[in-house]
Amino acid sequence: MSKQRAKLVVGNWKMHGRLAENAVLLQAVAQGAGELPAQVRVGVCVPSPYLAQSQSLLEGSRVAWGVQDVSAFTHGAYTGEVAAPMAVDFGATLAIVGHSERRAYHRESAELVAVKTQRVLEAGLTPIVCVGETLEEREAGSTEQVVGMQLDEVLAKLSEQEAARIVVAYEPVWAIGTGKSASSEQAQAVHAFLRARLAAKGAAVADVPLLYGGSVKPENAEELFRQPDIDGGLIGGASLKAQDFLVICKAATTSVAG
Ligand code: 13P
């Protein structure tokens, strides 16, 4: 019998949204989330210019908000960067680090992702550390080696107490934005592997939330969230439509209840 952990569903808006449409989306999500049971937590990670808007529309609601990346530095001459304490100024509690789009397009190394995770924790935010393999890596049979290395690099820099405060998101690169989700069996297998890796860091780390991301939709969310080591989702495209996102959040409810 697997342990019942609370579920967490987080939207990653990526570089989408404008002020007017955000207002409609944030209000709808805040209202819908208010009807979910307490075991399901909901969040959105928005582009940084919209943190103030998120704060003003989500404060007092059940929805947490945050950023999609942070600088590896706390302040300084780093043009264009946003530091974790700046997000805290706007009430953020979440920060995605190591998303595959940043690893691929901005050449972020596993080492840099680990440093960013430290900055996020120091600022008092919850890091959502993304790991995932490419299609070539999966086909070469190296999925566990790749995600294991990505996670280990982060864990190596953290104490057990710090590691217990992270969230891990498994996002197979081949499933992101492709409409082709990992099957629930494929996702569960990698989650079980990651869970064992986390547990090896210490008892307090074994139960950190493990989210699945990659083409989660209203149609497949429930099946994914029912898996014993899938504690929720990191949702891209479907988080931009309030109705779809809320159906996905509700799917987490069903799997907690069931
Ligand atoms: P999609 O849900 O659009 O596949 O994106 C997943 C993702 O990258 C979330 O961080």
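As the structure lists them, so they are numbered: ligands from 1, and atoms in each ligand from 1. For the numbers below, each heavy atom of this structure counts, side chains included, while hydrogens, waters and symmetry mates do not. Since we're looking at a predicted model, the values are computed, not measured.
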**Report entry** Closest approach of any protein heavy atom to atom 3 (O) of ligand 1, naming residue and atom
**Finding:** G237 N, 2.8 Å
Query raised in the report: Heavy atom under 4.0 Å from ligand 1: found in S239's side chain, backbone, both, or neither?
Result: neither
Report summary line: Of H99, K116, H106, the one forming a side chain to side chain donor-acceptor pair (under 3.5 Å) with D69 is K116
**Report entry** Per-residue contact class, N12 against ligand 1 - non-hydrogen pairs under 4.0 Å
**Finding:** side chain
Report task. In plain terms, say whether E108 and R103 are close enough for a salt bridge, that is, a side-chain N and a carboxylate O under 4.0 Å apart. Result -> no
Report task. In plain terms, say whether K157 and E153 are close enough for a salt bridge, that is, a side-chain N and a carboxylate O under 4.0 Å apart. Result -> no
Requested in this report: Below 4.0 angstrom from a heavy atom of L234, which ligand 1 atoms are there? Numbered from 1 as shown, please.
Outcome: 9 (C), 10 (O)
Query raised in the report: Would you call R41 and D231 a salt bridge, taking side-chain N to carboxylate O under 4.0 Å as the test?
Result: no
Report summary line: Ranking E171, K180, Q68, E101 by closest non-hydrogen atom to atom 7 (C) of ligand 1, top hit is E171
Report summary line: Atoms of ligand 1 under 4.0 Å from any heavy atom of A175, numbered from 1 in the order shown, are 4 (O)
Requested in this report: For G214, counting its heavy atoms only, list the atoms of ligand 1 lying under 4.0 Å from any of them.
Outcome: 4 (O), 6 (C)
Query - Salt-bridge criterion met for R119 and E122 (N-O under 4.0 Å) - result: yes
Report task. Around atom 2 (O) of ligand 1, find the nearest protein heavy atom and jot down its residue, atom name and distance. Result -> G236 N, 2.9 Å
Requested in this report: Can you label the angle between the H191 ring and the Y212 ring as parallel, tilted or perpendicular, going by 30° and 60°?
Outcome: tilted
Query - Test item, A238 contacting ligand 1 (heavy atom, 4.0 angstrom) - result: no
Requested in this report: Before signing off on this row, confirm whether T178 and ligand 1 have an N or O atom pair separated by under 3.5 Å.
Outcome: no
**Report entry** For G177, the ligand 1 atoms whose distance to one of its heavy atoms is below 4.0 Å
**Finding:** 1 (P), 3 (O), 4 (O)
Query raised in the report: Strictly by modelled atom types, are Y170 and Q150 linked by a side-chain donor-acceptor pair under 3.5 Å?
Result: no
Query raised in the report: Does at least one non-hydrogen atom of K14 fall below 4.0 angstrom from an atom of ligand 1?
Result: yes
Query - Heavy atoms of other groups near Q31 CD, more than 12 under 6.0 Å - result: no
